[in-house]
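The chains referred to below are lettered A, B, ... by the order of the sequence lines, with proteins before strands, and numbering in each begins at 1. All values derive from a computational prediction rather than experimental measurement.
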Amino acid sequence: MIRTRFAPSPTGYLHIGGVRSALFNWLLARQSGGQFILRIDDTDAGRNVSEALQPILDGFRWLGMDWDEGPEVAGPHAPYYQSQRSQRYQEAAEQLLASGHAYRDYATPDELKAERDAAEKKGERFFYDRQWMAETDEQAAAFEAEGRPRTLRLKMPREGTCIINDLVRGEVQFEWAQEQDTVIQRPDGSCLYHLASVIDDHDFNISHVVRAEEHLPNTPRQIFILESLGYERPQYAHLPYVAEPGGSAKLSKRKLAKYENNKDFAQLLARGRNIAERCDIPVEADTFNPVIIDFYREIGFEPEAILNYLLLLGWSLDGETEKFTVDEMVKLFTIERVNKSPASFDPKKLIAFQGDAFAQLPLATRIERTQPFAARAGLLRSPEAEEKLAKVVAGADDRLKMAGDILDFDYFFLDEFTFNDKAFNKRICKPQNARPLLIELRGHLAQVDFSSADQLEQEIGQFCVNLEIELKDIIHAIRVATTGQAGGFGMFDTLAILGKDRVLDRIDEALERAATICTDS
RNA sequence: GCCCCCUUCGUCUAGUGGCCCAGGACACUGGAUUCUCAGUCCAGAAACGGUAGUUCAAAUCUGCCAGGGGGUACCA
């Protein structure tokens, strides 16, 4: 039985790279009828865990990655919080000490630092020489009498090779002699990550440790721990990390400011901020950002689109197939086809996937998705607004890339709207017959029934025939006058949705504006 | 510095010795269609880090070099 795990720290946000690691773990488990476990690495005390964990669990639920064991679902190996498992780590630490695989060490942080600095000065690699190792209880007592702090260190082998057969990297070798005597327990008795992680993976029966490649160099010491304890090795798969947009360094939540200099990243962020601002969504610098999963949920992305995009960041089926439903991902994913090299996060391609996924949705679903955004932005105040929303979403068609884009069509809902200056100049000021035609058309439109777009098309067509002009001689001016925009969807649909009153008012408004701002030349 | 990993179009990738003067996708450019925008269709530009070998034949194998990255914690 394949059992995989993802182990987030409760920091209050779910990193996009983390989501990808989690996805690969989840896929691996699901495709074989295995299990996916969520374990919380909250060894850092002093933080309100439940509060900081919630956004992460919400993220998982939103993405549809369910976990078989972990927070809020419990399970046979509970607790799944490392902070509640210290007793267990303590036992393991003692076992390691008793078997001679670990030793008590009494070096002070200052002494260590001095040695480290000295080694660096000589251009050498620091290597702890076990100077303050207590080999006997007497020695330990003596050190303790001096008031020295006690840590527990791994007594790493000084010769031989550690061979790891990694599922994505193949065989990787490390010389034991290069490994440091890692500290596994602090003076206060708390245990460190490497110990905790190994114990938990063993206790939870994790069969496949699938994690980011920054853990690869840590693996030998973890293997040392687990073999010293007599545990079986899990299978390892070290994933390439997700790199920053336009770069090759690891995508980091600490470098948000830097990414804003990336054009594509900045555009995505700006798009999100625009939606958030109008919908009154709190924009916290820490979480409202394309590196964090919450961002996408807030502005109306489809979880499947994100999953699909992330899947392709480091994995491919065949170089041709790009679109996968979640079921297909589960069925077709193979750890063997995970790439070795880092993949950089490309906001543009993510948007392309999202736009595609959104367009695939049935109309009713798209309406449903846009509804909350329209509501929060105050577009749905009039009684017939819901009905209008349905028409607008239908008319907008694939111009809507994400649910929050509905705000681009606010001019259908609000009395107030703004004219795009450039379009106004080009379509209304410049063509010399635009204004007379608009006046003429306004008069005609006042007699026309607006209930059907087809009807409007006929009427306006006839209007053009009568005046011996072409449709395009007038239609652009109408668009700008009634929507303020250079582009938009079908003009007759637009007019029908807008309704007669608004259309006439707006033409009047446009004419007034033209009178004041168009400079005759 | 030391250890480890990685290196095909701008980006994600296909490619496991001949099918590759390198295929697909996003983005980009041009054209067609339309009332605009979006879309769609067609076309185009765009890559095997370098080098020395092995071989009849190398993006694919080997060595070296270079570049990038990760790790090097009483962080995870």
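Heavy atoms of A/Ala107 sit under 4.0 angstrom from at least one base atom. Within 4.0 Å (heavy atoms only), A/Arg337 reaches sugar-phosphate atoms of the nucleic acid but no base atom. When heavy atoms are screened at a 4.0 angstrom cut-off, A/His238 is found touching no nucleic acid atom at all. Within 4.0 Å of A/Glu322, counting heavy atoms only, lies at least one base atom of the nucleic acid. Residue-level contact check: A/Phe126 touches neither bases nor backbone, having no heavy atom under 4.0 Å from any strand. Residue A/Thr151 is classed as a base contact, given a heavy-atom separation below 4.0 Å to a base. Residue contacts shown for A/Asp318 are limited to sugar-phosphate atoms, with no base heavy atom under 4.0 Å away. Across all strands, A/Arg116 comes closer than 4.0 Å only to sugar-phosphate atoms, never to a base (heavy-atom distances).
Residue-to-nucleotide contacts include a donor-acceptor pair under 3.5 Å from the side chain of A/Asn218 to the base of B/A76.
Note: CG (A/Asp200) to C1' (B/A76) measures 13 Å, nearest angstrom. As rounded to whole Å, 15 Å separates atom C1' of B/G70 from atom CG of A/Leu251. Protein atom CD of A/Gln485 is 21 Å distant from nucleotide atom P of B/C35, rounded to whole Å. Regarding A/Gln222, its CD atom lies at a distance of 13 Å from the C1' atom of B/G71, rounded to whole Å. For the pair A/Ile184 CD1 and B/C75 P, the computed distance is 13 Å after rounding to whole Å. Between A/Ile478 atom CD1 and B/C37 atom P the separation is 16 Å, expressed in whole Å. The interatomic distance linking A/Gln178 (CD) with B/G1 (P) rounds to 15 Å, in whole Å. One interatomic measurement links the two molecules: CG of A/Asn308 to C1' of B/A25, which rounds to 11 Å at whole-angstrom precision.
Both A/Phe353 and A/Arg153 lie near RNA chain B, and the one whose nearest nucleotide falls closer to the 5' end is A/Phe353. Place A/Ala249 and A/Thr321 on RNA chain B by their nearest nucleotides, and A/Thr321 ends up nearer the 5' end.
Base pairing analysis places B/A43 opposite B/U29; the two distances defining the Watson-Crick or G-U wobble pair are each below 3.5 Å. Of all nucleotides present, only B/U7 satisfies the Watson-Crick or G-U wobble test against B/A66, with each distance under 3.5 Å. Nucleotide B/U72 forms a pair with B/G1, judged by Watson-Crick or G-U wobble geometry with both contacts under 3.5 Å.
The side chain to side chain donor-acceptor pair (under 3.5 Å) contacts involving residues 417-432 of chain A comprise A/Asp421-A/Arg513, where partners must be two or more places apart or lie in separate chains.
Straight-line distance between the P atoms of B/G53 and B/G15: roughly 30 Å, to the nearest whole Å.
Among A/Ile37, A/Thr4, A/Asn25, the single residue meeting the side-chain contact (heavy atoms from CB on, under 4.5 Å) criterion with A/Ile206 is A/Ile37.
Taking a cutoff of 4.0 Å between a charged side-chain nitrogen and a carboxylate oxygen, A/Asp203 and A/Arg85 qualify as a salt bridge. Using a 4.0 Å cut-off between charged side-chain N and carboxylate O, A/Glu144 and A/Arg104 make no salt bridge.
Ring geometry for A/Phe353 versus A/Tyr309: interplanar angle over 60°, hence perpendicular rather than tilted (30 to 60°).
More than 12 heavy atoms of other residues, nucleotides or ligands shown are found within 6.0 angstrom of CZ on A/Arg158.
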Summary of protein contacts for nucleotides 4-11 of chain B, nucleotide by nucleotide, where a base hit scores B, a sugar-phosphate-only hit scores S (4.0 Å, heavy atoms): SSSS---S

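Nearest heavy-atom pair, A/Met156 versus A/Arg130, reported as atom, atom and distance to 0.1 Å: O-NH2, 3.0 Å.
When the nucleotides B/G71, B/C35, B/A76 are ranked by their closest atom to the side chain of A/Lys250, B/G71 comes out on top. Of the candidates B/C35, B/C74, B/U36, B/C74 carries the atom nearest the A/Pro109 side chain, counting heavy atoms from C-beta on. Listed nucleotides: B/C2, B/A38, B/U36. Nearest to the side chain of A/Asp398: B/A38. Candidate nucleotides B/G23, B/C75, B/C35 were compared by shortest atom distance to the side chain of A/His476, and B/C35 ranks first. Closest approach to the A/Arg125 side chain among B/U72, B/G70, B/A27 is made by B/U72 (side chain taken as heavy atoms from C-beta onward). Here the side chain of A/Tyr193 is nearest to one of B/G70, B/C35, B/A76, namely B/A76.
Close to B/C74, at under 4.0 Å from its OP1 or OP2, lies no side-chain N or O of A/Arg150.
In this structure, the ring of A/Phe6 has its center less than 6.0 angstrom from the ring center of A/Phe60. For A/Phe204 and A/Tyr80, the gap between ring centers is short of 6.0 Å.
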